[in-house]
Participant: 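Let me give you the structure first, and then I'll get to my questions.
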Amino acid sequence: MVKIDIISGFLGAGKTTLIKKLLKEALAGEKVVLLENEFGDVGIDGGFMKEAGINVTEMNSGCICCSLVGDFSKSLQKIIADFNPERILIEPSGVGKLSEVVKAVQDIDGLTVNCCTAVADASKCKMYSKNFGEFYNNQLESATAIVLSRTGDIQPEKLDKAMEIIREKNPAAPVVTTDWNVLDGKDILAVMEGAPRELLDSNVCPVCGHEHAHEHCDHEHHHEHGCCDHEHHHDHVHCDHEHHHEHGHCHHAHEHGHHHADDVFMSIGIETARALDKEKIQAQLEALEDNSCGTILRAKGILQHIDGSWFEFDYVPGEVTLRSGNPDYTGRIVFIGTDLNEKDIRERFGL
């Protein structure tokens, strides 16, 4: 059986950083394949991983509720056939629902779900839980282990609040709160894999077999003869909502107030051959919180600097990181958020 490790986390939580740490410090020598599901048309992180010699399969611009029960299953089967891995790491989109990813892989022959981890930025738990709770809380609730990022310099009171929010959503999963710089990747993996096995099935209703957070369904159940007779609009292999595709986005008609990422979030991916001034890019990233281009929750990219060198960048609200990068086939930049204005973004960054 091939192990499946799902490493989820909201936008900019640090999923890719954690995966790199695990690959280097805990999984060296093991035959591992990484499967990424990016939200948007332009993939960024896969290139970073491939540079490290990791086999990466990318799925871009797929509606997570559909691709993860159709194309996703086929991708997993192809990975097994092509690479014969010991372990597959799945990195879902930051705006994906972990429960849907778990549901998509549970019944695939030859695979066993080993652990379901949620990475959470300790400094943003309150904000994201309040503003994007349907997606953010689902990741916390569905995790068998939770790894907090950016705990090194956080105030104790803020860390306590983050833990309070996490425990409200998931009382049982072990939570890593120690700064990653102190821990070895083997220590983190031990926590991820050491979670109680029953947590893997804790979201499945024992009577009807459908997924409900913490064995609780917030609509009414009437169980007769072992069957649940309320309506379910998504089964394990088919997504039956209507699709209306416009400009690469998938808009769904949903009931019971449930949404998918495409209903709430936008992704703008831009490829550019231009050489850009790194300092000016940094200044524009640091000024993004004025919301003039919409609410940008995540930006990342790889670009050529005006001196011919290349650089990579990451943005989450309140934090901008730039670092040297290797030349790529073209410059790429991705913005994810709500109510984004592509024209304003292009003008602001000279794209």
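Bear in mind that the values here come from a model prediction, so they are computed numbers and not experimental data.
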Participant: So for atom CG, which belongs to Asp160, do other residues, nucleotides or ligands contribute more than 12 heavy atoms lying within a distance under 6.0 Å?
Facilitator: yes

Participant: With side chains defined as the heavy atoms from C-beta onward, is the minimum distance between Leu11 and Tyr128 less than 4.5 Å?
Facilitator: no

Participant: In terms of side-chain geometry, is the basic nitrogen of Lys103 or Glu100 positioned less than 4.0 Å from the acidic oxygen of its partner?
Facilitator: no

Participant: If only atom types and distance count, is the side chain of Lys97 paired as donor or acceptor with the main-chain N or O of Asn138 below 3.5 Å?
Facilitator: no

Participant: Taking side-chain contact (heavy atoms from CB on, under 4.5 Å) as the definition, give me every residue that meets it alongside Ser149, ordered by chain and number, with sequence neighbours left out.
Facilitator: Val119, Asp121, Trp180

Participant: Determine the minimum heavy-atom distance between Leu189 and Arg87, stating which atoms define it.
Facilitator: CD1-NH1, 4.2 Å

Participant: Is Arg346 reaching over with its side chain to a backbone N or O of Phe349, donor-acceptor style, under 3.5 angstrom?
Facilitator: no

Participant: Can you check whether Arg332 reaches Ile270 side chain to side chain, under 4.5 Å on heavy atoms?
Facilitator: no

Participant: Take Arg167 and Val175, measure what side-chain contact (heavy atoms from CB on, under 4.5 Å) needs, and give me the verdict at the end.
Facilitator: CA-CA 9 Å; Arg167 283 307 179 212; Val175 181; 3.6 Å; yes

Participant: Any side-chain heavy atom of Thr272 within less than 4.5 Å of one from Ile333?
Facilitator: no

Participant: Is the shortest distance from a Lys or Arg side-chain nitrogen in Glu157 or Lys161 to a carboxylate oxygen in the other one below 4.0 Å?
Facilitator: no

Participant: Evaluate the criterion side-chain contact (heavy atoms from CB on, under 4.5 Å) for residue pair Ile7 and Leu22; output intermediate values, then yes/no.
Facilitator: CA-CA 11 Å; Ile7 302 179; Leu22 294 175; 3.8 Å; yes

Participant: What are the two closest heavy atoms between Pro174 and Val191, and how far apart are they?
Facilitator: CB-CG1, 3.9 Å

Participant: Apply side-chain hydrogen bond (donor to acceptor under 3.5 Å, both in side chains) to residues Thr151 and Asp179 and explain how you reach the verdict.
Facilitator: CA-CA 5 Å; Thr151 60; Asp179 186 351; 5.0 Å; no

Participant: Apply ring pair (Phe, Tyr, Trp, His ring centres under 6.0 Å) to Tyr315 and list each qualifying residue two or more places apart in sequence or on a separate chain.
Facilitator: none

Participant: Do you know the tightest heavy-atom contact between His305 and Lys278?
Facilitator: ND1-N, 3.0 Å

Participant: If I take atom NZ from residue Lys169 and atom OG from residue Ser129, how far apart are they, to the nearest 0.5 angstrom?
Facilitator: 4.5 Å

Participant: I need the minimum non-hydrogen distance between Cys125 and Leu148, along with the two atoms involved.
Facilitator: SG-CD2, 4.4 Å

Participant: Taking only residues two or more places apart in sequence or in another chain, which ones pass side-chain hydrogen bond (donor to acceptor under 3.5 Å, both in side chains) with Asp307?
Facilitator: Ser309

Participant: With rounding to the nearest 0.5 Å, note down the distance linking CZ in Arg274 to CD in Gln304.
Facilitator: 13.0 Å

Participant: Do Ser324 side-chain atoms and Phe311 backbone N/O form a donor-acceptor pair below 3.5 Å?
Facilitator: no

Participant: Is the shortest heavy-atom distance from the side chain of Leu297 to the side chain of Ile336 under 4.5 Å?
Facilitator: no

Participant: In Å, rounded to the nearest 0.5 Å, how long is the span from CD1 of Ile165 to NZ of Lys124?
Facilitator: 13.5 Å

Participant: Using only atom types and a distance under 3.5 Å, with no angle test, would you say the side chain of Gln139 pairs donor to acceptor with the backbone of Gly96?
Facilitator: yes

Participant: Under 4.5 Å between any side-chain heavy atoms of Val320 and Leu288, yes or no?
Facilitator: no

Participant: Tell me if a side-chain donor or acceptor on Thr144 pairs with a main-chain N or O of Cys116 at a distance below 3.5 Å.
Facilitator: yes

Participant: For Leu159 and Ala122, work out which heavy atoms get closest and say how close.
Facilitator: CD1-CB, 4.2 Å

Participant: Supply the atom-to-atom distance Thr177 OG1 to Ile146 CD1, rounded to the nearest 0.5 angstrom.
Facilitator: 11.5 Å

Participant: Apply side-chain hydrogen bond (donor to acceptor under 3.5 Å, both in side chains) to Asn341 and list each qualifying residue two or more places apart in sequence or on a separate chain.
Facilitator: Asp344

Participant: Please report the interatomic distance CD1(Ile108) to CD1(Ile88), rounded to the nearest 0.5 Å.
Facilitator: 8.5 Å

Participant: Take Glu141 and Ser99 through the side-chain hydrogen bond (donor to acceptor under 3.5 Å, both in side chains) test and state the conclusion after the steps.
Facilitator: CA-CA 8 Å; Glu141 292 166 353; Ser99 63; over 6 Å; no

Participant: Name all residues meeting the side-chain hydrogen bond (donor to acceptor under 3.5 Å, both in side chains) criterion together with Lys78; count only those two or more places apart in sequence or in a different chain, and write none if there are none.
Facilitator: Asp82

Participant: Grab the two heavy atoms, one from Ala120 and one from Tyr136, that are nearest each other, plus how far apart they are.
Facilitator: CB-OH, 3.7 Å

Participant: Going by heavy atoms in the side chains, are Leu76 and Ile90 under 4.5 Å from each other?
Facilitator: yes

Participant: Is a donor on one side and an acceptor on the other found under 3.5 Å between the side chain of Asn170 and the backbone of Leu140?
Facilitator: yes

Participant: Looking at Glu86 and Lys31, does any basic side-chain N land under 4.0 Å from a carboxylate oxygen?
Facilitator: no

Participant: Taking Met163 as the starting point, is it possible to reach Met127 by hopping between hydrophobic residues whose side chains are less than 4.5 Å apart?
Facilitator: yes

Participant: Please examine the side chains of Thr295 and Asp339, heavy atoms only from C-beta on, and report whether any two atoms are closer than 4.5 Å.
Facilitator: no

Participant: Hydrophobic clusters here meaning ILVMFWY residues chained together by side-chain heavy-atom distances under 4.5 Å, can you tell me if Val316 and Phe135 are in one?
Facilitator: no

Participant: Within the 4.5 Å heavy-atom criterion, are Met192 and Val176 side-chain neighbours or not?
Facilitator: no

Participant: Using ring pair (Phe, Tyr, Trp, His ring centres under 6.0 Å) as the criterion, list what pairs up with Phe132, not counting sequence neighbours.
Facilitator: Phe10, Phe265

Participant: Counting distance only, does the side-chain N/O of Ser8 pair as donor-acceptor with the main-chain N or O of Thr117 below 3.5 Å?
Facilitator: yes

Participant: Should the pair Asp184-Lys21 be classified as a salt bridge under the 4.0 Å nitrogen-to-oxygen rule?
Facilitator: no

Participant: Quick check for you: to the nearest 0.5 Å, what is the distance between Ile281 atom CD1 and Leu322 atom CG?
Facilitator: 8.5 Å

Participant: Does Glu289 use its side chain to pair, donor to acceptor, with the backbone of Gly318 at less than 3.5 Å?
Facilitator: yes

